[in-house]
Amino acid sequence: MVTKMPEGWKLVVGLEVHVELNTLTKMFSASPVDFAGEPNTRVFPIDAGLPGTLPVINREAVTAAARLGLAINCGITERCRMHRKNYYYPDLPKGYQISQYDVPLCHDGWLDLEVEGRQLRVEIERLHMEEDTGKSTHVGGAGRLQGADKSLIDYNRAGIPLLEIVSRPDIFDPETAQAYVRELQGIVKALGVSDAKLEEGSMRCDANVSVMRTDATELGTRREIKNVNSIKSIGRAIAYEAQAQIDEIEAGDTIFMETRHWDENAEVTSTLRRKETVADYRYFPDPDLVEIVSTPEWVAQLKAALPELPRVARERILASGVGEAQTATIVNSDLIVVFDEAVATGADASTVGNLVANNLVGELSEQGVSLEESGVTGQHVGELVKLVEDGTLSNKMAKEVLAGVVEARGQKSPSQIADDRGLKQMSDTSELQTIIDDVIARNPAIVEKIRGGADKAIGALVGQVMGATKGQANPGMVNQLLKAAIDG
Ligand code: MN
């Protein structure tokens, strides 16, 4: 269901998404990009803004920016520059951020989305390149600057390449905002230019939210909600903010441009600061950096080399027989590599889809590991599906084996785990037949009932056989053999 606005009101949202690139080095220095480094150990003189240092732009970062631009249907500007955006923050040692101003590298794109059965297009105004700031940690109080005892600054992040993707105010409900971020995240991951984790800040989303009366012709004043760190929160923050603005306007208050903070626990937004306007930043071209020239040949080459994008992958996986929910889970994650690899081993796509999107996802969350940490590959999944298909493992055993593969961090194959744990369906019919004959002989009353037409009573006998085989018999086979013995 799409969140409904109160009668007579319309919600308008534009999104600004920042993506931290996973290049080897920073945007303007040779300092390594290392998210796990000890604080302030990945800081070159340029990142610290020391006088006399000169930036050199990272070609890989520009390439990643252009690739993402093309993937979101943008045009690539032939000649553009970097600008200085001047403002002072303790985590910005130069006193300005190198960004782009009037002419971004990529412009006028769009994303096509399906939201609750509706086909929508959200237009993208621009994608520009910039650098990240350092990271402040406020100690004491609630972890925010206000009320903190002191602030610690880590400049490892300063200068990491950052892309900013700005949508047009083309989003009219929280669900579309969520779908937009999810799609963008999928595209970024497919390109491999960032791990795009909202929770860890490698992808960050700011929402510009305004409301207007349905008969109004001008957009209302927008307020910006900063750094909401999950897709669920993006929806909630926008819905909350819209209602808050409507309440304020209806109470006779005026909405001012401001930056607001989303409180994850209280689920409310509150004023952080009055918003700066463009004039406050005193943008000017960075004289230390040369123009960036994108030749049509280079752009064509990048375009031709784009990988399969989520929209195309989604259609392909759906067409292979995987359900819609499973397809969505697979496409919007690293699972797609595992899925494709498993299907390439010859395993049935829809079975692989279920195993990956349901069982594997469940097991990873239960053991609290990422797919990467688990070491699970498409080879493992393909083998597991085959062990179920040839009757070696029951579905229940397959789940247990999968858990074992995750526990072994992918160092053991499904058949090794099955051997280790003695998991194997009994497929030796003569051994099973002996057990069945014994169960039938010991339960004449139940057998009579079944012969009299009480089909369901067979369940009790199946249970006894399963018990006698310690759960290792194939239930389908037990059922068949029991029926044959009773009818015979
Ligand atoms: Mn920015």
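Counting convention: from 1, in listed order, for ligands and their atoms alike. Basis for what follows: all heavy atoms, side chains included, without hydrogens, waters or symmetry-related copies. Residue indices begin at 1 and follow the sequence shown.
Residue N86 holds its CG atom at 10.5 Å from NZ of K94, rounded to the nearest 0.5 Å. Here the straight-line distance linking atom OG1 of T259 with atom CG of D206 works out to 8.5 Å at 0.5 Å rounding.
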| message | Evaluate Y96 against Y87 for ring pair (Phe, Tyr, Trp, His ring centres under 6.0 Å), listing each step before the verdict. | response | CA-CA 5 Å; Y96 59 86; Y87 63 103; 9.7 Å; no

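Residue H18: an N/O/S atom is found under 2.8 Å from the Mn ion (ligand 1).
Considering just the N/O/S atoms of E130, the one nearest the Mn ion (ligand 1) carries the name OE2. Take the N/O/S atoms of E164: the one nearest the Mn ion (ligand 1) is OE1.
Within a 6.0 Å radius of CD in E250, other residues, nucleotides and ligands contribute more than 12 heavy atoms.
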